[in-house]
Undergrad: 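This structure is in structure tokens; I'll ask about it shortly.
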Amino acid sequence: MTVERGMHIDILAFGAHPDDVELFAGGTLAKMAALGYATGVVDVTKGELGTRGTVARRRREARLAARELGLKVRENLGLADGNVQVTPATRLKVIRVLRKYRPRIVLTHYWDDNHPDHVHTSRLISEAVHHSGLAKIDTGQERYRPDTLLYFKLPVHVMPSFVVDVSDFTRQRLDAIRCYGSQLFDPSSNEPPTKLSHPYFLERVENIHSFYGTLIGKKKGEAFHLKGVLEISDLVGHFTGHQPGIRYE
Ligand SMILES: [Zn+2]
């Protein structure tokens, strides 16, 4: 057996459709890339069931958005849009990607969502993150389990575990979202309208980011859920930004 030794990506985000990650975690990915971390996105489907746009156009849009966010990696699993299923075969596809990129942190959809693909993607990624650590699931790669799994696109009744300040990355985040021209408001388009193509859609997205920003006293924020409890090792450093060993008067 040849063991493929994977590279290391710091954060790998899985969205059901191209544009899901940009809408809910794009600012965080742009910020982490600016801090020097290696980031990537894996789209679970090609969005072929989308009311607007074509697979080819959406592929081009995803590539452009990846550039805006400074991603190192963007892949597409090619699962069926509108029919994302959790099966041994689909889990194996995700495990192969996890073992290839060995991300320290994985982001994916929160499990309570109106869109069935988002629900199933959440479960698929969560199960694969666990199974990727099992040596007897043989993919010809070294086993690997990411340290942290975080969920984005939280329902209104779920309080975030934490919010990332993305105030300085609004332009980059919006530029990445605007790459998806096939999905957004376009007065010259004859395609049927959708929730995303509504003229106020981007304003609504901004309102969500403003709301989460308000929760942390910042202009814009992105919210995440962590199963379990967030550990803080340096209480003073975390809440004040002070460094240990430095005396403050
Ligand atoms: Zn979606």
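One-based numbering, in listed order, for ligands and for the atoms of each. Reckoned from all heavy atoms, side chains included, excluding hydrogens, waters and symmetry mates.
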Undergrad: I'd like to know: is the Zn ion (ligand 1) within the 2.8 Å range of an N/O/S atom from His118, strictly under that distance?
TA: yes
Undergrad: Counting neighbours of CZ on Arg143 that are heavy atoms of other residues, nucleotides or ligands and sit closer than 6.0 Å, is the number greater than 12?
TA: no
Undergrad: Of the options Asp112, Thr108, Asp20, which is the one that meets His118 in a side-chain hydrogen bond (donor to acceptor under 3.5 Å, both in side chains)?
TA: Asp20
Undergrad: Looking at the Zn ion (ligand 1), is there an N, O or S atom belonging to His115 that lies under 2.8 Å away from it?
TA: no
Undergrad: When you measure from the side chain of Arg91 to the backbone N and O of Ala128, does any donor-acceptor pair fall under 3.5 Å?
TA: no
Undergrad: The Zn ion (ligand 1) and Asp117: any N/O/S contact shorter than 2.8 Å?
TA: no
Undergrad: Which atom, counting only N, O or S, brings His17 closest to the Zn ion (ligand 1)?
TA: ND1
Undergrad: Count the heavy atoms of every other residue, nucleotide or ligand shown that sit under 6.0 Å from CZ of Phe201, and state whether that count exceeds 12.
TA: yes
